[in-house]
Amino acid sequence: MKQDRKKHIRQLTACTLITTAALSLAACKGTAIQTQAPELTKGLQAETVENRAMDETFRTAAADFSIRLFQQDTASELTGSNTLISPESVLSALGMTANGADGTTLAEMEQVLCGGMDIQDFNEYMYTYNNSLTETEDVTFHLANSIWIKDKPTELQVNADFLQTDKTYYNADAFLADFDGKTVSDINHWVDTNTDGMINQLLSEIPEDAVMYLINALAFEGEWETKYEKDQVNENGSFTNHQGTAETVAMLNSTESQYITGDHVTGFVKNYEGGDYAFLALLPEEDTAVADFIASMDGEVFLELYDNRSYQDVLVQIPEFTYDYDTELSETLSGMGMTEAFTEAADFSRMAQTDTGLLYINRVLHKTHIEVDRAGTKAAAVTAVEMTNEAAMLEPEETPTVYLNRPFVYAIIDTETGLPIFLGSVNTIN
């Protein structure tokens, strides 16, 4: 078995990289998974890395990626469907993938993910950013990473440097597994545990040509900083959907203290307990469609709306809502400039060398879930990267109002940077 393990840490034939994210009001258990799969990385230690100061270089690049991803992936859905992506989830999944890329493939991924910065710089920023998300006192933000490798050394040998890099910057543990029904159960249990049940089944089966899964899970526990009283909840509120039809919803009424205004949009920021995370809502003018508003945005505009918010009273209404969203991101990412990674010309030689000489991304699956109610917010996301070796503000004259009673855009943000962990739009409640 020791010889087999050494063979595995050389090269791989095909792999799936998955990132899951969850925001939950329930407590995160963080229980260790019970599995018979031997751990390849027990001898690997995460190297000491100093936190890199979070600056405008990373903040701007991450915000721009988030908005561009949202624009390109959800463009066809914005006229009717509810949408939701987790930029943090996708950044983490593709960041781990990029650590195995080289040449033009790596250059394109660096340009799309981080505006052209070196992948080493990106790793250091992500390391610091992820640490900052978890180091809070009033909420729980749990992160976990694992790598599952098919136990078939004749097909698969993983580069040791690749494993070490993901161990150092993502604290990812690697396991050998048979990729059978037991492995499906183990992976689903790991995901269920580390998302506190928000995502209880990631896989129903493992494709025959999949030989690796890299999984990132994160779970958030928090409540609204200011709790809703009973008289602030209107159980018979009204939301006018994208078709102009009125829907009966539970509407939450409050006065908030962070007001946003910009070209054709108003909004607000509502903190979760402790103020480290917040719900940011953007309501386009009545004659501006959500799709048109999002098309006019970029990362700089999003950050400016947050940075230029004014501290003043704003009357707010938020509908209670819940929904799921799923998408496949390969065309989106190709359209953003990451083209070679999805072709047979892809260079993932830093991840592995294969018997066919081919290793490229087949598809990128992304699934999300959101619940917003009077207690707070629950949300979850899964990102799966599947690889194969086959072939200026105006002063209001009176207290402004932002009533989310028609289609709107929202984000769950880290208040220090303003970066969206989740980013979505609501076009209908029912």
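Atoms considered below: every heavy atom in the structure, side chains included; atoms not considered: hydrogens, waters and symmetry mates.
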Worksheet item: Do the numbers put Arg68 on top of the ring of Phe70, so that NZ or CZ is under 6.0 Å from the six-membered ring centre and no more than 45° off the axis?
Response: no

Discussion item. Keeping Thr415 on the side-chain end and Gly275 on the backbone end, is there a donor-acceptor pair under 3.5 Å?
Written reply: yes

Discussion item. Whether the side chain of Tyr259 engages the backbone of Val402 through a donor-acceptor N/O pair (distance < 3.5 Å, no angle test) should be reported.
Written reply: no

Worksheet item: Hey, does the side chain of Glu320 reach the backbone of Arg374 with a donor-acceptor pair shorter than 3.5 angstrom?
Response: yes

Worksheet item: Do Glu285 and Thr266 have side chains that get closer than 4.5 Å, going by heavy atoms?
Response: no

Discussion item. For a quick check under 3.5 Å, do Gln72 and Thr332 share a side-chain donor-acceptor pair by atom type?
Written reply: no

Worksheet entry | Full working for side chain to side chain contact (heavy atoms under 4.5 Å, CB included) between Ile85 and Val90 | CA-CA 9 Å; Ile85 63 168; Val90 179; 5.8 Å; no

Worksheet item: So do Thr428 and Tyr323 actually touch side chain to side chain, heavy atoms under 4.5 Å?
Response: no

Discussion item. How long is the straight-line distance from CG of Leu280 back to CD1 of Ile413, given to the nearest 0.5 Å?
Written reply: 5.0 Å

Worksheet item: For Arg59, which of Asp307, Asp414, Asp64 qualifies under salt bridge (charged side-chain N to carboxylate O under 4.0 Å, His left out)?
Response: Asp307

Worksheet item: Roughly how far, to the nearest 0.5 Å, is OG1 of Thr57 from CE of Met54?
Response: 10.5 Å

Practice prompt. Check for a donor-acceptor pair, side chain of Thr83 on one end and backbone N or O of Gly424 on the other, with a separation under 3.5 Å.
Written response: no

Worksheet item: Distance only, no hydrogens: is a donor on one side chain within 3.5 Å (strictly under) of an acceptor on the other, for Glu124 and Thr128?
Response: no

Worksheet item: Of Ser86, Ser92, Ser89, which is the lone residue that meets side-chain hydrogen bond (donor to acceptor under 3.5 Å, both in side chains) with Thr383?
Response: Ser89

Worksheet item: Which atom names give the shortest non-hydrogen contact between Leu305 and Gly262, and what distance separates them?
Response: CD2-CA, 4.0 Å

Discussion item. Between Asn194 and His142, do the side chains contain a donor N or O and an acceptor N or O under 3.5 Å apart?
Written reply: yes

Worksheet item: Just checking, any donor-acceptor pair under 3.5 angstrom between side chains of Tyr277 and Glu416?
Response: no

Item to complete: Just say parallel, tilted or perpendicular for the rings of Phe239 and Phe408, cut-offs at 30° and 60°.
Response: perpendicular

Worksheet item: Can you tell me how far the OH atom of Tyr127 sits from the CG atom of Asn51, to the nearest 0.5 Å?
Response: 6.0 Å

Practice prompt. Report the C-alpha distance between Arg52 and Asp121 in whole Å, list the side-chain angles of each, state the deciding distance to 0.1 Å, and finish with yes or no for salt bridge (Lys or Arg N to Asp or Glu O under 4.0 Å).
Written response: CA-CA 9 Å; Arg52 181 159 187 163; Asp121 292 332; 2.8 Å; yes

Discussion item. Quick check on Asp263: does its CG atom have over 12 non-hydrogen neighbours (other residues, nucleotides or ligands) under 6.0 Å away?
Written reply: no

Worksheet item: Is there a donor-acceptor pair closer than 3.5 Å between any side-chain N or O of Asn159 and the backbone N or O of Ser349?
Response: yes

Practice prompt. Can you spot which of Trp148, Phe179, Phe175 makes a ring pair (Phe, Tyr, Trp, His ring centres under 6.0 Å) with Tyr213?
Written response: Phe179

Item to complete: To the nearest 0.5 angstrom, please state how far the OG atom of Ser257 sits from the NZ atom of Lys270.
Response: 9.5 Å

Worksheet item: Under the criterion side chain to side chain contact (heavy atoms under 4.5 Å, CB included), which of Leu283, Leu404, Ile370, Thr377 is the partner of Tyr410?
Response: Ile370

Worksheet entry | Phe279 and Phe321 aromatic ring geometry - parallel, tilted or perpendicular at 30°/60° bounds | tilted

Practice prompt. Evaluate the criterion side chain to side chain contact (heavy atoms under 4.5 Å, CB included) for residue pair Ile260 and Val269; output intermediate values, then yes/no.
Written response: CA-CA 8 Å; Ile260 292 174; Val269 175; 3.9 Å; yes

Discussion item. Side chain to side chain donor-acceptor pair (under 3.5 Å) for Asp180 and Thr183? Distances and angles first, verdict last.
Written reply: CA-CA 5 Å; Asp180 54 10; Thr183 305; 3.3 Å; yes

Worksheet item: Are Glu286 and His264 side-chain neighbours, meaning at least one heavy-atom pair lies under 4.5 Å?
Response: no

Worksheet entry | Pairwise side-chain contact, Thr339 with Thr343, heavy-atom cut-off 4.5 Å (strictly under) | no

Practice prompt. In sequence, state the C-alpha distance, the side-chain angles, and the governing distance for Thr104 and Glu108, and then conclude on side chain to side chain donor-acceptor pair (under 3.5 Å).
Written response: CA-CA 6 Å; Thr104 304; Glu108 288 182 351; over 6 Å; no

Item to complete: Determine whether more than 12 heavy atoms belonging to other residues, nucleotides or ligands lie under 6.0 Å from atom CD of Glu328.
Response: yes

Practice prompt. For the pair Glu110 (side chain) and Gly115 (backbone), establish whether a donor and an acceptor sit closer than 3.5 Å, ignoring hydrogens and angles.
Written response: no

Worksheet item: Quick one: which of Asn99, Asn171, Asn123, Asn145 gives a side-chain hydrogen bond (donor to acceptor under 3.5 Å, both in side chains) with Asp166?
Response: Asn99

Response to the item:
Shortest non-hydrogen pair, Gln71 vs Met297, comes out as NE2-O, 2.7 Å

Worksheet item: With no hydrogens and no angle check, do the side chains of Thr327 and Asp73 hold a donor and an acceptor under 3.5 Å apart?
Response: yes

Fill in: Pairwise side-chain contact, Tyr170 with Met96, heavy-atom cut-off 4.5 Å (strictly under)
yes

Discussion item. Are the side chains of Leu423 and Leu84 in contact, using a 4.5 Å heavy-atom criterion?
Written reply: no

Discussion item. Treating Asn130 as the side-chain partner and Met126 as the backbone partner, does any N or O pair qualify as donor plus acceptor under 3.5 Å?
Written reply: yes

Discussion item. Nearest 0.5 angstrom please: Asn427 CG to Arg406 CZ, how far?
Written reply: 12.0 Å

Discussion item. Give me the atom names and distance for the closest heavy-atom approach of Ala411 to Pro420.
Written reply: CB-CB, 4.1 Å

Worksheet item: Between Ile187 and Ile215, is any pair of side-chain heavy atoms under 4.5 Å apart?
Response: yes

Practice prompt. Check Ala101 against Arg350 and note the closest heavy-atom contact, atom names and distance.
Written response: O-CD, 2.9 Å

Discussion item. With a 6.0 Å cut-off (strictly less than), is the heavy-atom count around NZ of Lys367, excluding the residue itself, greater than 12?
Written reply: no

Fill in: side chain to side chain contact (heavy atoms under 4.5 Å, CB included) between Gln258 and Asn271, intermediate numbers included
CA-CA 9 Å; Gln258 299 179 63; Asn271 286 345; 3.6 Å; yes

Worksheet item: Taking the six-membered ring for Trp, are Tyr129 and Phe58 parallel (under 30°), tilted (30 to 60°) or perpendicular (over 60°)?
Response: tilted

Discussion item. If you apply the rule side chain to side chain contact (heavy atoms under 4.5 Å, CB included), what do you find for Leu365 with Asp326, and how did you get there?
Written reply: CA-CA 8 Å; Leu365 305 176; Asp326 65 84; over 6 Å; no

Worksheet entry | Main-chain N/O of Leu419 paired to Thr417 side chain as donor or acceptor, under 3.5 Å | yes

Worksheet item: Does the side chain of Met117 reach to within under 4.5 Å of the side chain of Tyr125, using non-hydrogen atoms?
Response: yes

Worksheet item: With distance as the sole test, does Ser310 use its side chain to make a donor-acceptor pair with the main-chain N or O of Gln312 at under 3.5 Å?
Response: no

Worksheet entry | Asp373 side chain to Gly376 backbone, donor-acceptor under 3.5 Å | yes

